[in-house]
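Take a look at this one; I'll ask things after.
Read the numbers this way: they start at 1 and go in the same order the structure lists the ligands and their atoms. Source: prediction; values computed, not measured. Below, each value reflects all heavy atoms present in this structure, side chains not excepted, and no hydrogens, waters or symmetry copies.
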Amino acid sequence: MLKLDFHPSGRHFLQIPGPSPVPDRVLRAMSLPTIDHRGPEFGALGRKVLADMQKIFKTQHPVMIYPASGTGAWEAALVNTLSAGDAVLMFETGHFAALWQKLATRLGLKSEFLGLPGVEGWRHGIQADMIETRLKADTGHTIKAVCVVHNETSTGVTSDIAAVRRAMDNANHPALLLVDTISGLASADYRHDEWGVDVTVSGSQKGLMLPPGISFNALSPKAIEASKSATLPKSFWAWDEMLEMNKTGYFPYTPNTNLMYGLSEACDMILGEGLEVVFARHKRWSQGACAAVNAWGLPIQCADPALYSPILTGVMTPEGVDADAVRKLIYERFDCSLGTGLGKVKGRMFRIGHLGDCNDLTLIAALAACEMGLKLSGVSLAGSGVLAAMDYFSAHPIPALIRS
Ligand code: PLP
């Protein structure tokens, strides 16, 4: 029999940048009995979560909910809006941007990958001016979509999507804007309508604090119009039947009912707290984590402090120190899971997630695990990151959290 109770006493510290720790309240909501997905109660649940998700994406337009991981929603965004051989312009912010580009190529799209050179390029955000220059040169408008990642989970860099929109407008280019905020939604400021995004892709297992298994496409009227003539093959991902059935809260095929209960509960928590407070809370955790990394004297993977991700902090290990060996030691000694370096930065950095069911004390404990693990790995630290984070959190209460 597979042994699943492999964690020692106390709670495991799931500090990867998603799947994030799921609040007990959400877990309890998901433990309700599964209901008939064609019955009357389900329609009310479907309508509620669809309306809640519009608030979270900040859109007046339809949101698709798929029983799939984020990769499925990436595919859905492309196959619903594009046709074989269409050119798409993508920007290499890191590993997830590269995976989306691979997916686009496999679908038969002509993907062009802009980016800053080398491994150093993965320390920066999207360069909107490069997109603008490229679109201005595309006078025949062969590029049909610009695809970018908002919060690059592999590096901890959050890019400025409004700047990408401005670049497209400055170039007066009609391409669709497709944005992946799989790890940004409900943790980092995101505005689908205001930023003129045509399709936003997201997933359940990050800021929404759910287990993996649900993903989303938020649409614009322009994207819906494009879907009427797009010819890439699609059936499961097709928006048309989904749009029709969602009007009454139902789905063309079986939705994952219990995750929907969890989604409803998570939306109540997030919208009840207020999105702006949720964003401030994550930003503050990022600042506490960065204070720790700075005190250790280690470089942060994101080279631009204005773009530090509110969701995760990437820590670069010194030359000759294998970041994965440090992670392994921290996992084995302190029961704390950290994110691995992916793609070009494998072995060079690890990632500390600060999202989901998290608070100041759980983050301080995770930083303590990192500090002990780095020291045990022979890394000489300039000072205590744990003390720096404690000082930061003590000096910076979130206004909305101060109890009278
Ligand atoms: N895009 C980003 C930014 C991600 O962080 C992830 C997963 O971590 C994905 C896409 C892929 O999503 P999934 O693994 O749920 O298919």
Side-chain angles (χ1 to χ4, degrees), residues 14-22 57 64-79 88 90-107 111 113 115 122 124-126 147-161 164 178-190 192 197 199-218 236-237 256 259 262-263 266 282 286 301-302 307-314 337-346 349-356:
L14 183 65
Q15 298 292 150
I16 57 174
S20 57
V22 179
F57 279 104
M64 306 287 96
I65 303 182
Y66 294 109
S69 86
T71 303
W74 263 347
E75 180 158 336
L78 299 175
V79 295
V88 291
M90 306 180 104
F91 199 94
E92 184 181 355
T93 40
H95 186 67
F96 289 102
L99 288 181
W100 200 10
Q101 193 237 358
K102 186 170 109 186
L103 189 150
T105 308
R106 290 174 75 152
L107 289 175
S111 62
F113 216 17
W122 282 26
H124 301 271
I126 300 162
C147 306
V148 291
V149 176
H150 173 225
N151 187 68
E152 179 51 78
T153 325
S154 63
T155 61
V157 180
T158 307
S159 288
D160 183 349
I161 300 303
V164 177
L178 274 45
V179 179
D180 166 343
T181 191
I182 286 181
S183 61
L185 194 73
S187 304
D189 184 17
Y190 193 81
H192 178 85
V197 180
V199 187
T200 301
V201 178
S202 196
S204 57
Q205 74 272 27
K206 314 269 186 184
L208 289 171
M209 312 184 292
L210 293 170
I214 290 184
S215 55
F216 308 91
N217 278 177
F236 181 80
W237 306 116
N256 30 24
L259 277 172
L263 179 59
H282 287 82
S286 156
Q301 173 69 28
C302 176
L307 303 183
Y308 284 164
S309 168
I311 288 104
L312 75 138
T313 301
S337 287
L338 298 163
T340 183
L342 293 162
K344 284 183 187 172
V345 290
K346 178 135 194 70
M349 56 92 84
F350 63 84
R351 297 169 297 148
I352 306 169
H354 23 84
L355 72 169

### Query
How far is atom 9 (C) of ligand 1 from its nearest protein heavy atom, and which residue and atom is that?
Phe96 CD2, 3.6 Å
#### Entry: Under 3.5 Å side-chain donor-acceptor pair for Trp74 and Asp180
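A donor-acceptor contact under 3.5 Å links the two side chains.
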### Task
Tell me, yes or no, whether the heavy-atom count around Lys346 atom NZ, taken from other residues, nucleotides or ligands under 6.0 Å, exceeds 12.
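Enclosed: over 12 neighbouring heavy atoms sit under 6.0 Å from NZ of Lys346.
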### Query
What class does the angle between the rings of Trp237 and Tyr66 fall in, given that below 30° is parallel, 30 to 60° is tilted and above 60° is perpendicular?
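Trp237 and Tyr66: perpendicular rings.
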### Task
Work out whether the distance between some heavy atom of Glu152 and some atom of ligand 1 is less than 4.0 Å.
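Judged by the 4.0 Å heavy-atom criterion, Glu152 does not count as contacting ligand 1.
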### Summary
For Ser20 and Leu14, the nearest pair of non-hydrogen atoms, with its separation, is C-CD2, 3.9 Å
### Task
Considering the heavy atoms of Ser69, write down every atom of ligand 1 situated less than 4.0 Å from one of them.
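Close to Ser69: 13 (P), 15 (O), 16 (O).
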### Query
Between His354 and Ser309, which heavy-atom pair has the shortest distance, and what is it?
CE1-O, 3.7 Å
### Query
To the nearest 0.1 Å, how far is atom 8 (O) of ligand 1 from its closest protein heavy atom, and which atom is that?
Lys206 NZ, 2.7 Å
### Task
Around atom 1 (N) of ligand 1, find the nearest protein heavy atom and jot down its residue, atom name and distance.
Asp180 OD2, 2.6 Å
### Query
Between Thr153 and Pro17, what is the shortest heavy-atom contact and its length?
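Heavy-atom minimum between the residues: CG2-O, 3.6 Å.
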### Where ligand 1 meets Thr153 - atom numbers and elements under 4.0 angstrom, heavy-atom basis
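Checking each atom against Thr153, I get 2 (C), 3 (C), 4 (C), 5 (O).
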### Task
Assess His150 for proximity to ligand 1: is some non-hydrogen atom of it under 4.0 Å away?
no
### Message
With heavy-atom distances below 4.0 Å as the criterion, list the atoms of ligand 1 near Thr71.
### Response
11 (C), 12 (O), 13 (P), 16 (O)
### Task
Pull out every atom of ligand 1 sitting under 4.0 Å from any heavy atom of Asn151, numbered as shown with elements.
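Those qualifying, in numeric order: 3 (C).
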### Query
With respect to Phe57, which candidate in Asn217, Thr200, Val197 satisfies the side chain to side chain contact (heavy atoms under 4.5 Å, CB included) definition?
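The residue from Asn217, Thr200, Val197 that satisfies side chain to side chain contact (heavy atoms under 4.5 Å, CB included) with Phe57 turns out to be Thr200.
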### Query
Strictly by modelled atom types, are Glu92 and Trp122 linked by a side-chain donor-acceptor pair under 3.5 Å?
yes
### Query
With a 4.0 Å cut-off on heavy atoms, is Trp74 touching ligand 1?
yes
### Message
Could you tell me, atom by atom, which parts of ligand 1 come under 4.0 Å of a heavy atom of Gly70?
### Response
12 (O), 13 (P), 15 (O), 16 (O)
